[in-house]
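Remarks on the structure that follows.
For the numbers below, each heavy atom of this structure counts, side chains included, while hydrogens, waters and symmetry mates do not. Just so it is clear, the model here is predicted, and its values are computed rather than measured.
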Amino acid sequence: KNKLLKVIATLMFTFSTTYLFAGNFNVGILGSLSTVEADGTETTYNAGATSDKNTGTARNANTILGSVYAEYEASNGFAFGIEYMPGSADVSDKVKERTETPLSITSSAAVQTTSVTRQAQAEIEDYTVLYAEAPVFANGMFIRLGIAQLDVNTTENLASNSGSYGNAKLDGINFGAGIKGNMSWNDNVAYKFYLEKTSFDTLHLTSSGNSVATETNTIEADLDVASVKFGLGYKF
């Protein structure tokens, strides 16, 4: 991603210098229909035996989100900007849960017979992407490439001294393609319609607050977000 950031920065410098007085600054809003998907594995501590692994897939389709953007667009169609999504979205369309009986609890000699229900959910928020858009072919078609970041907040319940997971920031690669142009009734009003996907780094979380500090649980998950977006902006 460092190399990608250098490429985007170089392109921004090259084209913004060449077309500094021939472009526009655009600000606008975007509405999106997004699908959030995650595949993950939780590994729970099991003293004296192979650790328990629970693997699952979470999906939340047709999530409606909104964002704002600001960009510089050169006269040749190249654009460089930033997009920010202030809202949040659940990773799964329902809370994941399982019921099990822990065999033991630290500091207790008795074998446990009471079952507990473990619940897990996560949400993503504060999605931000720094992007570059390049024209291709004609009629306002463009491709898009950027670097993204978001927060992942876990909202699991606490059960049987097994600790809890914190939150994390994830970086990712954003890419897509679409079409854009100006409204026929006002050249200062611009529109864009595009498809995009953001593939994020693997999420790594380690529990804290376990009854024994060294007996931690871990989560590894891969997160992807795919969106259809439509935006309206104003050119200055």
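Atom OH of Y191 is separated from atom CD1 of I179 by 5.0 Å, given to the nearest 0.5 angstrom. Within the model, atoms CG of D224 and OG1 of T35 stand 11.0 Å from one another, a figure rounded to the nearest 0.5 Å. From D222, atom CG reaches atom CG of L203 across 9.0 Å, with rounding to the nearest 0.5 Å. Annotation: the span from D171 atom CG to N174 atom CG amounts to 12.5 Å, rounded to 0.5 Å. Taken from CG in D201 to CD in Q149, the straight-line distance is 10.0 Å, to the nearest 0.5 Å. The distance from the CG atom of N153 to the CG atom of D151 is 6.0 Å, given to the nearest 0.5 Å.
Around atom CD1 of I29, no more than 12 heavy atoms belonging to other residues, nucleotides or ligands sit under 6.0 Å away. Atom CZ of F137 sits in a sparse spot, with 12 or fewer heavy atoms from other residues, nucleotides or ligands closer than 6.0 Å. In the displayed structure, N139 atom CG is contacted under 6.0 Å by at most 12 heavy atoms of other residues, nucleotides or ligands.
Note: the hydrophobic cluster containing L195 does not contain F175 (ILVMFWY, side chain heavy atoms under 4.5 Å, direct or indirect links). Side-chain heavy atoms closer than 4.5 Å link hydrophobic residues (I, L, V, M, F, W, Y) into clusters, and following such links, possibly through other members, connects F193 to V189. F236 and M183 end up in the same hydrophobic cluster when Ile, Leu, Val, Met, Phe, Trp and Tyr side chains are linked at under 4.5 Å. In terms of hydrophobic clustering, with Ile, Leu, Val, Met, Phe, Trp and Tyr side chains grouped at heavy-atom distances under 4.5 Å, L65 and F230 are assigned to different clusters.
Nearest heavy atoms, T206 versus T218: OG1-CG2, 3.9 Å. When all heavy atoms of Y84 and T128 are compared, the pair lying nearest together is CD1-OG1, 3.3 Å. Residues A79 and K180 share a closest heavy-atom pair of CB-NZ, 3.7 Å. Nearest heavy atoms, A148 versus F200: CB-CE2, 4.3 Å. In plain terms, the two heavy atoms of D126 and P86 that are nearest each other are OD1-O, 4.2 Å. Minimum heavy-atom separation, Y127 to L150: CA-CB, 4.0 Å.
Between the side chains of N26 and E71, at least one donor N or O sits under 3.5 Å from an acceptor N or O.
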**Q.** Verdict with reasoning, V129 to T198, per side chain to side chain contact (heavy atoms under 4.5 Å, CB included)
**A.** CA-CA 10 Å; V129 57; T198 307; over 6 Å; no
Q.
If you apply the rule side chain to side chain contact (heavy atoms under 4.5 Å, CB included), what do you find for L145 with I173, and how did you get there?
A. CA-CA 8 Å; L145 181 65; I173 302 297; 4.3 Å; yes
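Using a 30° and 60° split on the angle between ring planes, F80 and F78 fall in the parallel class, below 30°.
K197 pairs by the salt bridge (charged side-chain N to carboxylate O under 4.0 Å, His left out) definition with nothing, not counting sequence neighbours.
Within the 4.5 Å cutoff, the side chain of K192 has heavy atoms near those of the L30 side chain.
Taking a cutoff of 4.0 Å between a charged side-chain nitrogen and a carboxylate oxygen, E83 and K229 qualify as a salt bridge.
Exactly one residue among N186, N182, N24 makes a side-chain hydrogen bond (donor to acceptor under 3.5 Å, both in side chains) with K235. That residue is N182.
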